[in-house]
Amino acid sequence: MAQKTLPFTLEQIEKITQEHPTPFHIYDEKGIRENARRLRSAFAWNPGFKEYFAVKACPNPYLMKLLMHEGFGMDCSSLPELLLAERVGATGENIMFTSNDTPADEYVTAKKLGAVINLDDISHIPFLESCAGLPEMICLRYNPGPLKGGNAIIGHPEQAKYGFTRDQLFEGYRQLKDKGIRRFGLHTMVASNELNPQYFIDTAEILFGLAAEIAQKVGISFEFINMGGGIGIPYRPEQEPVDLAAVSNGVRSAYEQRLLGKGHPGLKIYLECGRMVTGPYGYLVSRVRHIKKTYKNYVGLDSCMANLMRPALYGAYHHISVPAKVDQPCASVYDVTGSLCENNDKFAIDRSLPEMAPGDLVVIHDAGAHGHAMGFQYNGKLRSAELLLREDGSVVQIRRGETPEDYFATLDFGALAAFKA
Ligand SMILES: *Cc1c(COP(=O)(O)O)cnc(C)c1O
């Protein structure tokens, strides 16, 4: 069983809370950088390998800047994400634009930035051409649908709204070739939070085989294959992280057999992971407000599902540590709640913890992806600050917490005064 560890001591985090009141998200720079280097070195055999960080996982420009410094590109799926990537200094093909049901202005901006544009549907070929003009390079997103022969772990892509069918792919590349496009990519993304390395190897085999077939039949060659994101993280202490070396080795032999072996020239492998890049290195730090004992025992925190929605949204497990009580037995069972007026505002249900008391500091693990990013203001709950624990132990506030003024920012109280009820 893997141990869930913290990148700070009790004294350190108590000191941080003196300057930055709870709740806040804190990210571990050292963990993020080391993990980024592990991912890149696992695929170092592939010249041109690149990971495009899925910005939606944690859209903070400071973290994006760190990741760019580690050689990552940025994977964006909306206009604000594109603008954020631009503000951080990402340029040209260091930006991947993977969207769906895409509005024209987003294609215009992506094209202007020189981003790699990944099309979700065959109808977007003429749409992109008419609104922004076709770029020099185009990538198409494949949806494997009900794969012939079946692939148990790929699930049911035919229920997913994303991507081209197999026939549409051949047709799409033909159309693009006829329009004079010479640089091509192929993409798929059909998994989320997957921990089985074989899953990614199977996906690579499908993509490489398909790319070789399209290349031969349509008479093009591929510059890159984007295997998407979806590498999972061990939210539960008994789970293991994905063995990146195993994924890389399997992808490499598929690459050699199905691409090089079929006469296709070498190509670049891209990933667009989000969760595994920042997820394990972000922590929601909160304090116990109240202990309540009714039909169940409740620990009421000063954070709520507006700070971390995954448990309420998916019933997701997030490990909870109580740094001051690590040596005490987890002999009490609690629901750990926030203060939002929805009964699913619970970080944990029936969780065994040490005997808890008001004022205890609580750390919720694996909140670095889809944590702060999924925040919202329903019920007048305000999004918390984000802090970065730097490698030298110093702390930088990388986003301030919201105030009621932020909550009111889209309202015009001047016009309200003149409004006759
Ligand atoms: C969400 C998403 C990702 C990142 O997924 P993770 O599970 O965070 O790795 C990558 N690509 C696309 C198109 C996505 O929608």
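When a residue number appears, it is its place in the shown sequence, counting from 1. First listed ligand is number 1; within each ligand, the first listed atom is number 1. Side chains are part of it too, since the values below use all heavy atoms of this structure and drop only hydrogens, waters and symmetry mates.
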Any residue meeting salt bridge (Lys or Arg N to Asp or Glu O under 4.0 Å) with Lys217, in chain and number order, not counting sequence neighbours
Glu213
Distance filter under 4.0 Å, heavy atoms only, around ligand 1 gives Ala54, Lys56, Asp75, Thr98, Arg141, Met189, Gly229, Gly230, Glu272, Cys273, Gly274, Arg275, His370
Might you work through the side-chain contact (heavy atoms from CB on, under 4.5 Å) test for Leu382 and Asp406, ending with a clear yes or no?
CA-CA 8 Å; Leu382 302 174; Asp406 295 313; 5.8 Å; no
With ring centroids as reference points, do Tyr283 and Phe8 lie under 6.0 angstrom apart?
yes
Quick check on Lys15: does its NZ atom have over 12 non-hydrogen neighbours (other residues, nucleotides or ligands) under 6.0 Å away?
no
Of Leu361, Leu301, Val362, Asp360, the one forming a side-chain contact (heavy atoms from CB on, under 4.5 Å) with Arg287 is Leu361
For Phe164 together with Tyr173, are the ring centres under 6.0 Å from each other?
no
